[in-house]
Amino acid sequence: GRPVNAIARVLQKTGIDPHTLQIEIPEKGVMHDAHKILPKMHELRELGIQISMDNFDGQLPVSSISQFPINNVKLDRTFVQRIDNSESAGVLKEMTTIAQTSGLHVVAVGVETEAQLEQLRSQYCGEAQGLLLGDPVPAGEITLKLLKASYVVKAKPRKRKAVSKLPEERLAKVNIP
């Protein structure tokens, strides 16, 4: 399709490793246009691009998630806010179980309290994002923050601790409405 070809041209022109590109497709978009979106998702995966199902709130049956060529499922913030509800906790447990057996990562979006984070940890949710973990950062500042955080101490120094810079990785994110 045209969007996939355009993305492939941008990757080729910029030299960005497609494995560092993650495209987020909303659950509702997948639900309503699966017959149109599914072939494009397969093409994107063939390019090596990571795909996340975004804003997942359980409207799509959890058991059908494994039918889509995705790497990640991003739980909707409203789902995370209702995590203390037994029905939401049950869906979370089912989601993480399916994710583990399907090789998917589950990302909880909108984590604002320690209690939410602890409940997510107890359900083996692999990643989280939200105000509890850090404030949003303007695009112009993120590169500088990442570069400052990219220094490590070598594991086996000889006479003195040597510090080396890790190679810079390019990370791009595209949201498709």
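A quick note: this is a predicted structure, and the numbers were derived from the prediction, not measured. FYI, the numbering just counts along the sequence from 1.
- The closest side-chain heavy-atom distance from Ile70 to Ile65 is below 4.5 Å.
- The main-chain N or O of Gln59 is found under 3.5 Å from a side-chain atom of Glu27 such that the two form a donor-acceptor pair.
- Here the side chains of Leu75 and Val107 are not in contact, with every heavy-atom distance at 4.5 Å or above.
- Nearest heavy-atom pair across Ile49 and Leu11 is CD1-CD1, 3.8 Å.
- The shortest heavy-atom contact between Gly110 and Gln116 is O-OE1, 3.9 Å.
- Distance alone, capped at 3.5 Å, places no donor-acceptor pair between the Ser102 side chain and the Ala99 backbone.
- Rounding to the nearest 0.5 Å places OG1 of Thr113 at 9.5 Å from CD of Gln81.
- Residue Phe68 comes nearest to Met41 through the heavy atom pair CB-CE, 4.1 Å, listed as atom of the first residue, atom of the second, then distance.
- For Gln67, the side chain to side chain contact (heavy atoms under 4.5 Å, CB included) test picks out Ser64, with sequence neighbours left out.
- Linking Ile, Leu, Val, Met, Phe, Trp and Tyr whenever their side-chain heavy atoms come within less than 4.5 Å puts Leu47 and Met53 in one cluster.
- Val109 and Val73 are members of different hydrophobic clusters when ILVMFWY side chains are connected at heavy-atom separations under 4.5 Å.
- Contact of the Ile51 side chain with the Arg45 side chain is registered, since non-hydrogen atoms from C-beta on lie closer than 4.5 Å.
- Counting heavy atoms from C-beta on, the side chains of Ile23 and Ile7 come closer than 4.5 Å.
- Between the OG atom in Ser122 and the CD1 atom in Ile83 there is a gap of 7.5 Å [rounded to 0.5 Å].
- By the side chain to side chain contact (heavy atoms under 4.5 Å, CB included) test, His105 is found to be paired with Asn72, Glu127, residues two or more places apart in sequence or in another chain being considered.
- Minimum interatomic distance between Phe79 and Phe56 (heavy atoms only, all atoms of both residues): CB-O, 4.5 Å.
- Taking 4.5 Å as the limit, every side-chain heavy atom of Arg82 sits out of range of all side-chain heavy atoms of Glu87.
- Remark: Asp76 engages Thr78 in a side chain to side chain donor-acceptor pair (under 3.5 Å) (not counting sequence neighbours).
- Partners of Gln50 according to the side chain to side chain contact (heavy atoms under 4.5 Å, CB included) rule, which considers only residues two or more places apart in sequence or in another chain, are His19, Gln22, Asn71.
- The side chain to side chain donor-acceptor pair (under 3.5 Å) search around Asn85 returns none, not counting sequence neighbours.
- In terms of hydrophobic clustering, with Ile, Leu, Val, Met, Phe, Trp and Tyr side chains grouped at heavy-atom distances under 4.5 Å, Val10 and Leu21 are assigned to different clusters.
- Salt-bridge annotation for Glu118 and Arg121: present, with a side-chain N of the basic residue lying under 4.0 Å from a carboxylate O of the acidic one.
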Side-chain atoms of residues 31-39: list all donor-acceptor pairs with protein atoms under 3.5 Å, sequence neighbours left out, distances to 0.1 Å.
none

